[in-house]
Amino acid sequence: SNGVTCAMCAAGKYASGTGNSACVSCLAGKNSADGAPLCDDCSIGKYSQTGSEVCTDCAAGKYAGSKGSPLCTDCNAGSYSAEGAFACTLCLTGTYSESGATVCSSCEAGKYSNMGTGSGSSLCMDCAKGKASGTGVGACTDCTPGSYAIALGMTECTMCEAGKIAATPGLSECVACDVGKYSSSKTSCSDCAAGSFASQVGTATCVTCDAGTYSTTGAIVCNNCTAGTFSDNSAAVCTYCAVGKYSNGKAENCTACDAG
């Protein structure tokens, strides 16, 4: 009646009540359509700046957990999010993330991650000595008997060298067989058979006794046959000379006695 024309507030602004001389911009975290008497809170997973017409989805790697958020928050290390998230998701075992991650990354071979229930690892840890792993695992695996892992962060276990053994799982080194023993299985040492010997630790195969010598089981040296006896190669005992023959020590055979 007084000739005043009222104008509709533009989107992103509002005017409450009556008799307003100007529209007011919506606060950050709110939005409005044209002609709004009030601004609405942004829903969870969205945010807005001052005077916004619409709310915007949080970018991947961020979240808004409550209505009316003026900004989105980076996901903590050990979690991630897709676009428009109202919460971040914990990384699974065998994976990890830094803060603000859009996806979790698999642990490299030789490492693992496992924070227990729900997990959520921010980094991967080296496998302990005696263990190894492939990519993306929540636990490292013990080396099997006959193999070892000498250092941290091994991607695979190494088989024991000949003459050494790893008798149990999860060992960081192999043990040399004692003198008088050898190994071929890589998990246990065996006594040298009679007629052979091993004079050094870490022997892969025992050495055959020469003719004129002998040895018993598990020998570290071969013994010389005494006078009146002889032996071939690999002898476990020396044999007495036949009647009418003789030998000096360490004999390969016996010699016939002179007539008379």
Side-chain angles (χ1 to χ4, degrees), residues 78 90-97 103-225 231-238:
L90 291 175
C91 294
L92 298 175
T93 57
T95 66
Y96 73 101
S97 74
V103 294
C104 297
S105 302
S106 293
C107 292
E108 300 173 8
K111 296 179 181 288
Y112 75 101
S113 74
N114 191 342
M115 297 297 289
T117 304
S119 198
S121 296
S122 59
L123 52 81
C124 299
M125 294 168 284
D126 285 333
C127 291
K129 294 178 180 180
K131 298 176 182 285
S133 78
T135 58
V137 301
C140 301
T141 303
D142 281 342
C143 294
T144 56
S147 66
Y148 70 103
I150 194 170
L152 300 173
M154 297 294 287
T155 60
E156 59 184 11
C157 300
T158 305
M159 296 302 294
C160 293
E161 302 170 13
K164 295 185 177 183
I165 63 165
T168 58
L171 295 182
S172 61
E173 61 182 352
C174 300
V175 178
C177 292
D178 288 335
V179 291
K181 297 178 181 288
Y182 75 101
S183 80
S184 57
S185 68
K186 302 185 185 300
T187 58
S188 63
C189 298
S190 302
D191 285 337
C192 290
S196 65
F197 73 101
S199 60
Q200 297 180 329
V201 298
T203 295
T205 56
C206 299
V207 180
T208 299
C209 290
D210 293 333
T213 66
Y214 75 100
S215 75
T216 56
T217 302
I220 62 174
V221 294
C222 295
N223 300 308
N224 293 336
C225 291
S231 74
D232 293 325
N233 293 330
S234 306
V237 294
C238 297

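Numbers for residues simply follow the sequence, beginning at 1.
In terms of heavy-atom proximity, Tyr182 sits nearest to Cys206 at CD2-SG, 3.4 Å. For the pair Gln200 and Val179, the tightest heavy-atom approach, listed with the atom from each and the gap, is C-CG1, 3.6 Å. The nearest pair of heavy atoms linking Thr187 to Gly146 is CG2-N, 3.7 Å. Here the closest non-hydrogen pair linking Asn114 and Gly138 is CB-O, 3.2 Å. The two residues Ser147 and Cys157 make their nearest non-hydrogen contact at OG-CB, 3.7 Å. When every heavy atom of Ser196 is checked against every heavy atom of Cys209, the shortest pair comes out as N-SG, 3.8 Å.
Looking only at side-chain heavy atoms (C-beta outward), Lys129 and Leu152 come within less than 4.5 Å of each other. You'll find the side chain of Lys186 stays beyond 4.5 Å of the side chain of Ile165, heavy atoms only. Residues Ser121 and Cys91 are not in side-chain contact: their nearest non-hydrogen atoms beyond the backbone lie 4.5 Å or more apart.
Note that SG of Cys143 and CD1 of Ile150 are 11.0 Å apart. Values are rounded to the nearest 0.5 Å. Rounding to the nearest 0.5 Å places OG1 of Thr216 at 9.5 Å from CG of Asp191. Rounding to the nearest 0.5 Å places CG of Asn223 at 8.0 Å from OG1 of Thr213. For the atom pair CE of Met125 and OG of Ser133, the computed distance is 11.5 Å after rounding to the nearest 0.5 Å. Rounded to the nearest 0.5 angstrom, Tyr214 OH and Ser234 OG are separated by 15.5 Å. Atom NZ of Lys131 sits about 11.0 Å away from atom CG of Leu171, to the nearest 0.5 Å.
When Ser106, Cys104, Cys124 are each tested for a side-chain contact (heavy atoms from CB on, under 4.5 Å) with Tyr96, only one passes: Cys124.
A donor-acceptor contact shorter than 3.5 Å links the side chain of Ser231 to the backbone of Gly212. Judged purely by atom type and a 3.5 angstrom limit, Ser215 has no side-chain atom pairing as donor or acceptor with the backbone of Ala194. Between the side chain of Ser113 and the backbone N or O of Thr95 there is at least one donor-acceptor pair closer than 3.5 Å.
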